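These notes are about the structure you will find just below.
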There are 2 protein chains.
Amino acid sequence: MSARLDEIDRKILAELQEDAEQSLDEIARKVGSSKTPVWNRIRRMKEAGVIRRQTAILDPESLGLEACFFVLIRTSEHEADWQRRFLETLRARPEVLEAHRLAGDIDYILKVRVKNARAYDTFYQALISQVKIHNVTALLSMEEIKSETALPL
Amino acid sequence: MSARLDEIDRKILAELQEDAEQSLDEIARKVGSSKTPVWNRIRRMKEAGVIRRQTAILDPESLGLEACFFVLIRTSEHEADWQRRFLETLRARPEVLEAHRLAGDIDYILKVRVKNARAYDTFYQALISQVKIHNVTALLSMEEIKSETALPL
DNA sequence: AGTGAAATGCACAATTC
DNA sequence: GAATTGTGCATTTCACT
């Protein structure tokens, strides 16, 4: 699964992670190459799935999304059908920004962005009404110390 | 802090979140407007900080980053100096993708992306050698069910 | 705040080295 | 695998409504 990338590929990825609006010329200059090879490398990395997509990062506060919760979930159900419904519910809900299945005694963790505590409760009620859940702990974020989309290269 | 945005602004943001590579013409067509007004709205939203930046989303697996941990941290130290050093450490470490200060008995949560369990241990050892931490629980992700950068509008 | 058009610049492709 | 050139499209600006 891991693609073979050389030093220049990694530099290009670093630039694209930092600012995807830069022109090819700028990127080429910074990585010490020129337009065409950089363009070809980017195209290949998109085809290989190394570069998934390009997106705009928005400011949650500006959109009135002032509450962020991490939700730890324990369940007693481990059947295929239960899991399918649970995953569908998570994927369908736009306030769920992240969802992971975990090893250990906590089964799932979610990251949920909402307007306020009341909006979280609405989400929570909807979730437990749709799938049976044994135990839920919500951790409320007081301060976002770091929020990074750039992966370490 | 919350900006006033009309229906067209929100539609533009939705398009940019989904695919920031689209041309102005395409976005304009989809939101039922035309090039110039869309361009002006985007510029204003960038100035207002609603749109923070534009970035490439990379595939962690392709980069060999196959392990993802959520780290729950309890500390006994709550002095300003300790906190400053702790935050600096987190911000300096590129494998820390998210860090939040929490309400409740768990003080911090981190999301950490690394190559493997050994790389996590290296990070962990570095962290506890730099700042005194009372209690750490690492939750290992087995499966990324959802990973979304797009905020709900 | 939106339209239409005009100009600049860039992305992309083909060709050549 | 990289440089050069060229075409067309996208971005950006402006004049007008």
Side-chain angles (χ1 to χ4, degrees), chain A residues 1-65 149-153, chain B residues 1-65 149-153:
Chain A
M1 201 58 195
S2 161
R4 47 212 170 302
L5 305 166
D6 65 13
E7 213 31 61
I8 294 178
D9 287 326
R10 285 175 194 279
K11 280 187 188 170
I12 292 171
L13 291 176
E15 289 301 327
L16 288 176
Q17 285 196 124
E18 198 180 303
D19 177 9
E21 285 185 296
Q22 299 175 86
S23 74
L24 277 178
D25 275 326
E26 253 177 313
I27 296 170
R29 191 177 46 75
K30 287 186 188 166
V31 307
S33 181
S34 59
K35 254 159 81 143
T36 313
V38 169
W39 188 79
N40 282 319
R41 282 162 183 271
I42 291 174
R43 190 175 47 77
R44 269 190 288 109
M45 291 194 283
K46 279 180 183 166
E47 282 166 8
V50 179
I51 301 172
R52 277 190 190 158
R53 46 200 269 279
Q54 209 161 299
T55 188
I57 303 298
L58 308 185
D59 179 51
E61 315 285 325
S62 302
L63 297 167
L65 297 169
T149 55
L151 301 176
L153 304 167
Chain B
M1 200 59 195
S2 161
R4 47 212 166 305
L5 305 166
D6 65 14
E7 213 33 58
I8 294 179
D9 287 326
R10 286 176 192 277
K11 282 186 187 171
I12 293 171
L13 292 176
E15 289 301 327
L16 289 176
Q17 286 197 123
E18 198 180 305
D19 178 8
E21 285 185 297
Q22 297 176 88
S23 75
L24 279 178
D25 275 325
E26 253 177 314
I27 297 171
R29 190 178 46 75
K30 286 184 189 168
V31 307
S33 182
S34 58
K35 259 154 76 144
T36 312
V38 169
W39 189 80
N40 282 320
R41 282 163 182 269
I42 291 175
R43 191 175 46 77
R44 271 189 285 107
M45 291 193 284
K46 279 180 182 164
E47 282 165 8
V50 180
I51 301 171
R52 277 188 189 159
R53 47 199 268 278
Q54 209 161 296
T55 189
I57 303 299
L58 308 185
D59 179 51
E61 315 285 325
S62 302
L63 297 166
L65 298 168
T149 55
L151 301 176
L153 303 168

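Chain naming here is simple, since letters A, B, ... match the order of the sequence lines and numbering starts at 1 in each. This structure is a prediction, so every number in the text was calculated from the model and none was measured.
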* Asked: Is B/P37 touching bases, backbone alone, or none of the nucleic acid, heavy atoms closer than 4.0 Å?
  -> base
* Asked: Are the charged groups of B/E26 and B/K35 less than 4.0 angstrom apart, N to O?
  -> no
* Rounded interatomic separation in angstrom, taking CD from A/E21 and P from D/dA10 -> 17 Å
* To do: Write down the distance between CD (A/Q22) and P (C/dG9), rounded to a whole number of angstrom.
  => 18 Å
* **side-chain N/O B/S34 vs C/dT3 OP1/OP2, d < 4.0 Å** => yes
* Asked: Roughly how far apart are B/M45 CE and B/I51 CD1, rounded to 0.5 Å?
  -> 4.5 Å
* Asked: Charged N to carboxylate O below 4.0 Å: is that the case for B/K11 and B/E7?
  -> no
* If an axis is fit to five pairs at each end of the helix from C/dA1-D/dT17 to C/dC17-D/dG1, what is the angle between the two, to the nearest 10°? -> 20°
* Produce a footprint string for nucleotides 12-17 of chain D: one letter per nucleotide, 5' end first; B if the base is under 4.0 Å from any protein heavy atom, S if only the sugar-phosphate is, - if neither. => BBB---
* Asked: Got a second to check how far B/S33's OG is from B/I12's CD1, nearest 0.5 Å?
  -> 6.5 Å
* **Length of the CD-C1' vector between A/E26 and C/dC10, whole Å** => 12 Å
* Return the value, rounded to whole Å, for the distance between atom CD of A/E47 and atom P of C/dC12. => 12 Å
* d(CD1, A/I42; C1', C/dA11) in whole Å -> 11 Å
* Starting at NZ of A/K46 and ending at P of C/dA11, how long is that distance when rounded to a whole Å? -> 10 Å
* **Whole-Å gap separating C1' (C/dA11) and CD (A/Q54)** => 13 Å
* To do: Output yes when A/E21 and B/K46 qualify as a salt bridge under the 4.0 Å nitrogen-oxygen rule, no when they do not.
  => yes
* Asked: Is A/R41 paired with A/D6 through a side-chain N to carboxylate O contact shorter than 4.0 Å?
  -> yes
* Asked: Quick one: B/E7 CD to C/dA1 P, roughly how many Å, whole number?
  -> 16 Å
* Test side chain to side chain contact (heavy atoms under 4.5 Å, CB included) on A/T149 and B/L58 and set out the steps. => CA-CA 9 Å; A/T149 55; B/L58 308 185; over 6 Å; no
* If you round to the nearest 0.5 Å, how far is CD1 of A/I27 from CD of A/E15? -> 6.5 Å
* **Value rounded to 0.5 Å, distance of OG1 in A/T55 from CZ in B/R53** => 10.5 Å
* To do: Check every atom of C/dC10, C/dG2, D/dA10 against the side chain of B/S23 and return the nucleotide holding the closest atom.
  => D/dA10
